[in-house]
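Note that the structure is predicted; figures quoted are calculated from it, not measured. As a basis for the values below, the full set of heavy atoms in this structure was taken, side chains included, without hydrogen atoms, waters or symmetry mates. Each chain gets a letter, A, B and so on, in the order the sequences are listed, and its residues count up from 1.
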Amino acid sequence: MKLPSAYQPEKYEGDIYALWENSGVFKPSNRGHDDYYSLTLPPPNANGDLHMGHALTVAIEDSLVRYHRLQGKAALYVPGADHAGFETWVVYEKKLAQEGKSRFDYSREELYRQVWDFVQKNKHNFEAQLRALGASVDWTRFTFTLDNKVIGTSYQTFKKMWEDGLIYRGSRIVNYCTFHGTSFSDIEVVHEEEKTNLWHIAYPLADGSGEVVIATTRPETKVGQAALMVNPKDKRYKHLVGKEVQQPLVPDKNIKIIADEYVNMDFGTGVVTVTPGHDPNDYEVARRNNLPMLELITTEGKLSNNVPQEFRGMTVTVARQTVVEALKKKGLLRKVEDYTHSVGKCYKCGTVIEPLLREQWFVKMQPLATRAIEELKAGKIDFYPKNKKDQIIRYLSELKDWNISRQIPWGIPIPAFQNTEDASDWIFDARVHEESIEVDGKSYKRDPDVFDTWFSSGQWPYVTLDYPSGDDFKSHYPLSLMETGFDILYQWVARMIMLGLYVTGEVPFKTVYLHGMIVDKSGQKQSKSKGNVSSPLEIISEYGSDALRIGILNGQSPGNNQLFMPSKATGGRNFANKLWNIARFVEDKVGDNHHLKSTPTPSSRADHWILSRLNHASTEISKAFEAYRISEAYEVIYSFVWHDLADWYIEASKVQTNPSMLAYLLDSTLKLSHPFAPFVTETIWQTLAWEGDSILADQLWPRPVQFNALAVAEFKSVIGVITEARHITKALGVGRPKLYFNSAPLIEEEGILITLLGRLGGALKAQGSERKGLKLTNSGYDAWLDIDNLAAMNYLSSLREKQVVRQETIKRLQARVSNPSYASKAPKALVEQSHAQIEEEKQLLTSLDTEIKKIVKAIEI
RNA sequence: GGGCACGUAGCUCAGUUGGCUAGAGCGCCACAUUGACGUUGUGGAAGUCGGGGGUUCGAAUCCCUCCGUGCCCACCA
């Protein structure tokens, strides 16, 4: 089969992926290895397109899974898609708005169905993109986060938690986005520094004996306070505790001054208002002191009916100005200071988060977190980079209870029903498709909320493996690896660990690998709004899928952000092309020997040498993969393919061809390269006559082969001679000098090779004893290049530079060796090595000195 | 306020428990080349390893400190 001179990825990639998928090679099967290797793709948003972050994820994960598959392990890579509750809902609600509709125009069921259809329509995009990236996932195991098995397991877990007393329903201050109309967990709130004011407001004492001044950033909430409070230790206010003050803007409603440790005496005036309905700390204070919980701000972000008539219905921003004005008018505004503090905002729309008192479902985190910390400290999970383990432990040890209720229609309905007669009576029931149910003659109404997405995706590792009785769960759990971005370490990884331990009793995965973010030239994260995104598909269509994967893996290290620009893919494209042309050369040489068995049958020195390089590459790649140093693994294969195989062995093959060796080397090289460049390697494999109908993706990693160490050493010498000859001819700018030698059988035997690769006029045995030209001073042979004295003179300076370097090296080494502390403290082997090196350097220096003298003498004549 | 990471050639990055003259790719310069590949080959130039101090026979690597960059957590009204 004749191959075109350049690899054209677009011509083959589609067919190659179809071949893999149809042949079932991505299904796990043990081939000569008892172990398994398993991981799940972090499910991308079913509704969206894949971005460079996904390409990075796939490049890392797929290279690993392909490597382990080639090891013969039962490799399982589970694909999936995320319904991405809130994320998708935001997109859909925008779409509704564009159509002039809103969520209030439809029932919850209707909305759910609409979004479902919407997602189903878009889902094919990312599936096609995942194939384009070459992800070796088993599509028959595809899991969607709204599949019945996911919902079922989520419900079981919720029920178990309910029964174990880990779930409670309570009124708590939650983070509420008034734009999106839902609450968030703490982690979904972003904090931003904002410049505002600190308003000092006077509260007149009820008995007319003076006033108390408080400082606040939120004057709009000063229209309905529960109390004022001071620190019990604060001498300034001790006499006021228990007294009452008038609320400045609320007529006839006096409030008490209480004492609570929570107050910081050094901040502001040392007096604070208590606003239990809108501040988590105040809420706790109010509970301790039996104060009323007043709702001042509604879920729409407007002042409620619990405030004086004139402020009702105002937005927070308007109310703030109005209240300040009113206070000013009343002469109660004492001072306005500039103040900068951070404000919680919705991570999606930037609306300021209102802390509101809401009834929600909470998970008690402390027992779950404690267990997770224990297992982490016991070293049950390896982290790359390893400092992320400490980070996650720190997070877990400060974790607060988790609000899992979301007030949106898109997600897994919470399987809880409330007694219509008794608001405190909640029951678990999975009949969520019913709006109300009857149990024991009592009527119950369904909770309209859905789970936080992370509640279900936190169970991903075992849900996808069909916990508890599925075969995959028995054979592939815990997962070998969880690979994802470090930005969801807390949201996702931490929750998977806690839930995995809680539900299955085991850690859900043995290793966590966290990649950084793809950033642009200025270090900015790629995002649509910044317009700095590269699309994986565009890169693939221009350079090829392998090129994208290599471009993104090269220079990748866990935990660090990385820059990507399209030009990075050129390196990968060139590598693929190099493999392609190596294959063309090999197939040309092997020619019609279709019966050829590709076994290593080394005969020449080059044959033995390349086998030693191949063994070395294979071992080093394995080591790097086992240590999750993927970029390093790529560097090893790159340098083997390019510099050992192509630059030396293939060149040497032009002098002496060994077809069975070439076939064997091509086979092995394709296997070693496959994890990085799956498409081009498989494309080539499919053209190999001697491999029949087999598929590269499920071959086995090459085994170490025998070679002759002496032959290897000799070939290294040949390389040395060739390299030195190149240096000299290059430095002198001379054409193709002849190489003469005396009693150097190696040079004699490899004369043709040396002549060709060293670009020489020939390698000839010297006649008689006369030597002329330049001696090879590096190689240690009695051999010299036939170069006339005039040209040699030009070379003198470069030789003298070498002389100086060599002298300095010797001096430095001698200084080291003669240092008594070095001799006594450094490892013996190292000291011996230094001595040996001095000897070696001295010999080479002598040879160099002689050569210089000779040239000088020749010139003088 | 607390924590983490990073700073190595013009650019992107390696550099494992301290150990030989600090590496790679890209870019740059020069040269070569008629059959695997110009997506090529050969050779070369290029680094105060962010600054300073310390430990050590020996530091890019360990410690201290300062500077710069990025991120995370918490948030006192």
Side-chain angles (χ1 to χ4, degrees), chain A residues 3 5-7 186-187 191 198 214-218 221 229 262-275 279 281-282 339 341-344 385 387-388 390-391 394-395 398 486-487 489-490 516-517 519 521 523-525 543 547 554-557 559-565 567-568 570-571 573-589 623-624 627 629 631-632 635 638-639 642 646-647 650-651 653-654 723 726-727 729-731 733 757-759 805-806 808-809 812-813 815-817 819-827 829-831 833-834 837:
Chain A
L3 301 175
S5 70
Y7 172 55
D186 293 343
I187 208 153
H191 294 272
L198 203 52
I214 61 109
T216 183
T217 54
R218 301 207 60 182
T221 63
M229 62 178 165
Y262 164 70
V263 181
N264 177 354
M265 293 187 277
D266 302 324
F267 190 88
T269 62
V271 190
V272 204
T273 60
V274 185
T275 317
D279 181 288
N281 296 309
D282 289 9
Y339 187 63
H341 69 154
S342 68
V343 179
N387 67 303
K388 295 289 176 190
D390 294 334
Q391 205 173 307
R394 210 171 309 119
Y395 169 76
E398 292 166 359
F486 66 51
D487 54 331
L489 177 63
Y490 302 145
M517 303 294 110
V519 296
K521 198 97 191 149
Q524 299 279 308
K525 189 175 165 177
Y543 299 91
N554 196 4
Q556 201 281 331
S557 64
N560 291 323
N561 289 346
Q562 61 184 314
L563 186 114
F564 187 85
M565 30 193 187
S567 62
K568 279 202 159 187
T570 56
R573 181 199 57 182
N574 295 355
F575 180 71
N577 190 60
K578 195 75 177 175
L579 286 171
W580 183 257
N581 277 288
I582 288 170
R584 288 179 67 214
F585 179 86
V586 172
E587 293 190 46
D588 183 50
K589 293 294 176 199
K623 262 199 240 167
R629 299 146 86 97
S631 180
E632 205 170 290
E635 278 173 31
Y638 175 89
S639 126
W642 207 290
D647 290 348
I650 297 242
E651 290 307 317
S653 289
K654 291 174 182 170
T723 308
R726 282 171 180 169
H727 283 201
T729 50
K730 190 81 184 180
L757 299 200
R759 303 193 175 284
V805 170
R806 211 140 246 167
E808 277 171 359
T809 307
R812 202 185 47 247
L813 285 168
R816 180 183 302 164
V817 170
N819 180 337
S821 318
Y822 177 74
S824 59
K825 289 184 186 171
L830 201 63
V831 177
Q833 201 185 336
S834 302
Q837 201 187 347

Problem set entry | Nearest-angstrom distance, P atom, rA45(B) to rG25(B) | 15 Å
For this session: Taking atom P in both rU56(B) and rC13(B), compute the distance separating them and give it to the nearest angstrom.
Result: 36 Å
For this session: Give Arg573(A) one of three labels, base, sugar-phosphate or nothing, depending on what nucleic acid heavy atoms sit under 4.0 Å from its own.
Result: base
Exercise. When the distance from CE of Met565(A) to C1' of rC11(B) is rounded to whole Å, what number comes out?
Worked result: 6 Å
Exercise. With Watson-Crick and G-U wobble geometry limited to distances under 3.5 Å, how should the secondary structure of RNA chain B be encoded in dot-bracket form, using | for bases paired to another strand and [ ] for crossing pairs?
Worked result: (((((((..((((.....[...)))).(((((.......))))).....(((((..]....))))))))))))....
Exercise. Looking across every strand, which nucleic acid part, if any, lies under 4.0 Å from Asp647(A) by heavy atom: base, sugar-phosphate, or nothing?
Worked result: sugar-phosphate
Exercise. If you look at every strand shown and take non-hydrogen atoms under 4.0 Å, does Asp282(A) touch a base, only sugar-phosphate, or nothing?
Worked result: nothing
Exercise. Going by modelled atom types, is there a donor-acceptor pair between the base of rU12(B) and the side chain of Lys568(A) at under 3.5 Å?
Worked result: no
Exercise. Can you tell me how far the NZ atom of Lys730(A) sits from the OG1 atom of Thr723(A), to the nearest 0.5 Å?
Worked result: 13.5 Å
Exercise. What's the spacing between Thr217(A) OG1 and His341(A) NE2 if we round to 0.5 Å?
Worked result: 4.5 Å
Problem set entry | Exam field: side chain Asn581(A) to backbone Ala6(A), donor-acceptor pair closer than 3.5 Å | no
For this session: Please evaluate the base of rA14(B) for a donor-acceptor partner in the side chain of Gln556(A) within a cut-off of under 3.5 Å?
Result: no
Exercise. Are any of the side-chain heavy atoms of Met517(A) and Asp487(A) separated by less than 4.5 Å?
Worked result: yes
For this session: Sticking with atom C1', work out how far rG27(B) lies from rC73(B), rounded to a whole angstrom.
Result: 41 Å
For this session: Please check if the side chain of Lys578(A) supplies one atom and the backbone of Tyr638(A) the other of a donor-acceptor pair under 3.5 Å.
Result: no
For this session: Pick base, sugar-phosphate or nothing for Ser557(A), based on heavy-atom distances below 4.0 Å to the nucleic acid.
Result: sugar-phosphate
Exercise. When the C1' atoms of rC28(B) and rA9(B) are considered, how many whole Å apart are they?
Worked result: 12 Å
For this session: Identify whether any heavy atom of Arg394(A) sits under 4.0 Å from a base atom; if not, whether one sits that close to sugar-phosphate; answer base, sugar-phosphate or nothing.
Result: sugar-phosphate
Exercise. On a whole-Å scale, what distance lies between the C1' atoms belonging to rG2(B) and rC20(B)?
Worked result: 43 Å
Problem set entry | Inter-nucleotide P distance (rC29(B), rA46(B)), Å rounded | 16 Å
N/O to N/O distances under 3.5 Å, protein versus nucleotides 73-77 of chain B:
| from | atom 1 | to | atom 2 | distance (Å) |
| --- | --- | --- | --- | --- |
| rC75(B) | OP1 | Lys400(A) | NZ | 3.1 |
| rC75(B) | N3 | Ser342(A) | OG | 2.4 |
| rC75(B) | N4 | His191(A) | ND1 | 3.4 |
| rC75(B) | N4 | Ser342(A) | OG | 2.5 |
| rC76(B) | OP1 | Asn281(A) | ND2 | 3.1 |
| rC76(B) | O2 | Asn264(A) | ND2 | 2.6 |
| rC76(B) | N3 | Asn264(A) | ND2 | 2.8 |
| rA77(B) | OP1 | His341(A) | ND1 | 3.4 |
| rA77(B) | OP2 | Tyr339(A) | OH | 2.4 |
| rA77(B) | O3' | Thr217(A) | N | 3.3 |
| rA77(B) | O3' | Thr217(A) | OG1 | 2.6 |
| rA77(B) | N6 | Asn264(A) | O | 2.7 |
| rA77(B) | N6 | Phe267(A) | O | 3.1 |
| rA77(B) | N1 | Asn264(A) | N | 3.3 |

Seminar exercise, completed: Of all heavy-atom pairs linking Leu198(A) and Tyr339(A), the shortest is N-CB, 3.9 Å
For this session: Round to a whole Å and report the spacing from CZ of Phe585(A) to P of rG41(B).
Result: 14 Å
Exercise. Heavy atoms under 4.0 Å, any strand shown: does Ala646(A) hit a base, just sugar-phosphate, or nothing?
Worked result: base
Exercise. Does Asn577(A) use its side chain to pair, donor to acceptor, with the backbone of Arg573(A) at less than 3.5 Å?
Worked result: no
Problem set entry | rC26(B) and rC72(B), which share atom name C1', separated by this distance in whole Å | 33 Å
Exercise. More 5' along RNA chain B: Lys388(A) or His727(A), using each one's nearest nucleotide?
Worked result: Lys388(A)
Check: protein-nucleotides 22-29 of chain B nitrogen or oxygen pairs below 3.5 Å:
| from | atom 1 | to | atom 2 | distance (Å) |
| --- | --- | --- | --- | --- |
| rG25(B) | OP1 | His643(A) | NE2 | 3.3 |

Exercise. With sugar-phosphate meaning primed atoms plus P, OP1 and OP2, does Lys623(A) contact a base, only sugar-phosphate, or nothing at under 4.0 Å between heavy atoms?
Worked result: nothing
For this session: Measure from the side-chain heavy atoms of Asn581(A) and tell me the nearest of rC6(B), rA36(B), rU12(B).
Result: rA36(B)
Problem set entry | Nearest-nucleotide comparison on RNA chain B, the residue closer to the 5′ end among Ala583(A) and Arg726(A) | Ala583(A)
For this session: Could you give me the CA-CA distance, side-chain angles and deciding distance for Glu651(A) and Lys654(A), then say whether side-chain contact (heavy atoms from CB on, under 4.5 Å) is met?
Result: CA-CA 5 Å; Glu651(A) 290 307 317; Lys654(A) 291 174 182 170; 3.2 Å; yes
Exercise. With a 3.5 Å cut-off and just heavy-atom distances, do the side chain of Arg759(A) and the base of rU42(B) make a donor-acceptor pair?
Worked result: no
For this session: Indicate whether OP1 or OP2 belonging to rG41(B) is found under 4.0 Å from a side-chain N or O atom of Lys578(A).
Result: yes
Problem set entry | C1' spacing across the pair rG10(B) / rC71(B), given as an integer number of angstrom | 27 Å
For this session: Kindly compute the distance separating CZ (Phe575(A)) from CG (Asn554(A)), expressed to the nearest 0.5 Å.
Result: 10.5 Å
